[in-house]
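Quick one: the structure is below, questions incoming.
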Amino acid sequence: MRETSNARLTRLLELAIGSLTPPVGKRRIIVAISYGIICHFIFLLAVISMMTAMFFGMSQSLGGVPPPWNIAANFALILQFPLAHSILLTKSGQIILSKLAPSGYGATLATTTFAIIASVQLLALFAFWTPSGTIWWQAQGWPLAIISTLYALSWLLLIWASFDAGAEVQSGALGWMSLVQKIKPVFPDMPTQGLFKIIRQPIYVAFALTTWTVPIWTPDQLCLAIVLSAYCLLAPRLKERRFSLRYGARFADYKAKTPYAFPKLSVFWKGRSSR
């Protein structure tokens with residue numbers, strides 16, 4: 001049964017409201033809330049850092065590695081995110097995640113732990129990048145207004161896609177909110193509605209778009225955009241293997257009908273004809 005937007009929102013609200021009246025268990029509640037605070041605080045810092053750093057084309061950051069080591073340091077910062085991100089999504093990675101929490105809570109907190117690690121990685125990448133000091137092009141006047149709008153729309157698209165996929169999973173809330181309620185985490189069903197009805201990987205596409213819709217271009221931003229965009233096109237292949245094993249014929253049918261990353265033009269023509 002396909003899950004509607006209202007059903008997704010209802011499920012998220014029920015999870016959040018349920019965490020306000022947890023069953024007795026002082027240690028469990030302290031651990032859950034502590035993980036939740038850490039997760040969402042670092043998540044917020046990472047998002048702010050990423051939005052700000054890319055808006056300025058990676059020309060402003062806290063990194064100060066002297067040349068020529070700055071190039072190696074920056075490449076290490078770029079690569080650490082996709083590599084660790086992909087590893088932690090494997091079966092072996094899930095085992096690692098389950099061990100990164102107090103005994104008995106690891107499996108439940110896995111999504112929260114994953115979000116914490118991913119947020120720390122992004123924060124390190126964008127906060128500690130060492131700028132090259134070279135600016136190729138900087139938008140001004142009306143081009144700045146247009147590109148800034150596109151940048152904001154790319155981020156809104158990413159938020160929308162994350163909601164369609166299950167905001168509680170993407171933000172890490174599922175783990176700690178489930179633990180505080182002493183329930184087993186219930187993952188959202190395979191996403192097929194909203195942006196997932198147009199393409200199979202809207203989160204990765206939106207993430208890539210944020211790297212290209214910036215008003216300031218530098219060698220740093222170009223390098224970042226190329227590497228992260230390549231990751232966004234290749235990494236979902238591993239995700240789809242897991243979906244094939246988990247959902248079988250259902251995912252195969254969805255895959256046959258829905259493009260990978262580039263929507264069919266017929267989708268937009270149908271939208272116009274239906275008006």
Side-chain angles (χ1 to χ4, degrees), residues 43 46-47 49-59 61 63 65 68-90 92-93 114-115 117-132 134-137 147 150-162 164-165 170 191 195-196 198-244 251 255 258-264:
F43 183 87
V47 170
S49 176
M50 182 178 174
M51 293 179 69
T52 304
M54 289 202 301
F55 185 83
F56 292 103
M58 304 300 289
S59 64
S61 191
V65 179
W69 307 109
N70 59 321
I71 296 176
N74 287 341
F75 266 105
L77 285 173
I78 292 181
L79 295 178
Q80 56 87 23
F81 176 73
L83 290 177
H85 201 74
S86 298
I87 291 172
L88 290 176
L89 287 174
T90 64
S92 298
F114 179 82
I117 294 174
S119 296
V120 169
Q121 289 182 278
L122 286 174
L123 182 60
L125 170 58
F126 292 100
F128 299 109
W129 182 274
T130 300
S132 65
T134 300
I135 294 179
W136 285 334
W137 181 78
I147 296 174
L150 291 176
Y151 187 62
L153 289 175
S154 297
W155 277 98
L156 289 175
L157 199 65
L158 180 57
I159 293 171
W160 182 3
S162 298
D164 286 339
Q170 303 302 316
L195 292 176
F196 285 87
I198 301 173
I199 55 175
R200 302 198 304 271
Q201 303 300 335
I203 292 179
Y204 284 93
V205 170
F207 186 82
L209 284 175
T210 64
T211 69
W212 292 99
T213 53
V214 298
I216 298 177
W217 277 97
T218 65
D220 313 64
Q221 183 65 36
L222 180 60
C223 178
L224 183 82
I226 291 173
V227 174
L228 292 185
S229 295
Y231 166 72
C232 288
L233 288 175
L234 298 175
R237 298 294 184 183
L238 300 176
K239 176 184 176 182
E240 294 200 342
R241 289 181 188 176
R242 297 193 301 273
F243 271 41
S244 294
F251 178 71
K255 183 177 180 180
T258 312
Y260 181 67
F262 300 98
K264 297 177 181 177

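A quick note: this is a predicted structure, and the numbers were derived from the prediction, not measured.
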Q. Any sub-3.5 Å donor-acceptor pair from Ser61's side-chain atoms to Ala127's backbone N or O?
A. yes
**Q.** pair His85-Phe114: side-chain heavy atoms closer than 4.5 Å
**A.** yes
Q.
Can you tell me how far apart CZ (Arg237) and OG (Ser86) are? Round to the nearest 0.5 Å.
A. 14.0 Å
Q: Decide yes or no on side-chain contact (heavy atoms from CB on, under 4.5 Å) for Phe207 and Leu228, but give the supporting numbers first.
A: CA-CA 8 Å; Phe207 186 82; Leu228 292 185; 4.0 Å; yes
(Q) Considering only residues two or more places apart or on different chains, which pairs with a residue in residues 199-221 satisfy salt bridge (charged side-chain N to carboxylate O under 4.0 Å, His left out)? (A) Arg200-Glu240
Q: Would you please name every residue forming a side-chain contact (heavy atoms from CB on, under 4.5 Å) with Ile226, sequence neighbours left out?
A: Trp212, Leu222
Q. Looking at Ile203, Val205, Leu195, which hits side-chain contact (heavy atoms from CB on, under 4.5 Å) with Leu157?
A. Leu195
Q: Might you work through the side chain to side chain donor-acceptor pair (under 3.5 Å) test for Ser59 and Thr218, ending with a clear yes or no?
A: CA-CA 7 Å; Ser59 64; Thr218 65; over 6 Å; no
Q | Heavy-atom closest pair, residues Leu122 and Ala46 | A | CB-CB, 4.1 Å
**Q.** Minimum heavy-atom distance Pro236-Tyr231, with the two atoms named
**A.** CD-O, 3.8 Å
(Q) To the closest 0.5 Å, what do you measure between OG (Ser49) and CZ (Phe126)? (A) 7.5 Å
Q: Check step by step if side-chain contact (heavy atoms from CB on, under 4.5 Å) holds for Cys223 and Asn74.
A: CA-CA 10 Å; Cys223 178; Asn74 287 341; over 6 Å; no
Q: To the nearest 0.5 angstrom, please state how far the CZ atom of Phe243 sits from the CG atom of Leu238.
A: 12.5 Å
Q: Look up atom CG in Leu125 and atom CG in Leu224, then write down how far apart they are to the nearest 0.5 Å.
A: 6.0 Å
Q. Among Asp164, Leu158, Leu156, whose side-chain contact (heavy atoms from CB on, under 4.5 Å) with Trp160 holds?
A. Asp164
Q) With a 4.5 Å heavy-atom cut-off, do Val47 and Trp155 have their side chains touching? A) yes
Q) So Phe55 and Tyr151, would you call those rings parallel, tilted or perpendicular, with 30° and 60° as cut-offs? A) tilted
Q | Separation of Thr210 OG1 from Leu153 CG (nearest 0.5 Å) | A | 12.5 Å
Q. Taking all atoms of both residues into account, what is the closest heavy-atom pair of Val214 and Trp217, and its distance?
A. O-NE1, 3.4 Å
Q.
Let me confirm one number: the CD1-CE distance from Ile216 to Met58, rounded to the nearest 0.5 Å.
A. 12.0 Å
Q. Considering all heavy atoms of both residues, which atom of Ser229 and which atom of Thr211 are nearest to each other, and what is their separation?
A. OG-OG1, 3.6 Å
Q: Please name the pair of heavy atoms, one in Gly63 and one in Pro131, separated by the smallest distance, quoted to 0.1 Å.
A: O-CD, 3.9 Å
Q.
Thr90: which residues meet the side-chain contact (heavy atoms from CB on, under 4.5 Å) condition with it, sequence neighbours left out?
A. Ser92
Q: List the atom of Leu233, the atom of Tyr260, and the distance in Å for their closest heavy-atom pair.
A: O-OH, 2.7 Å
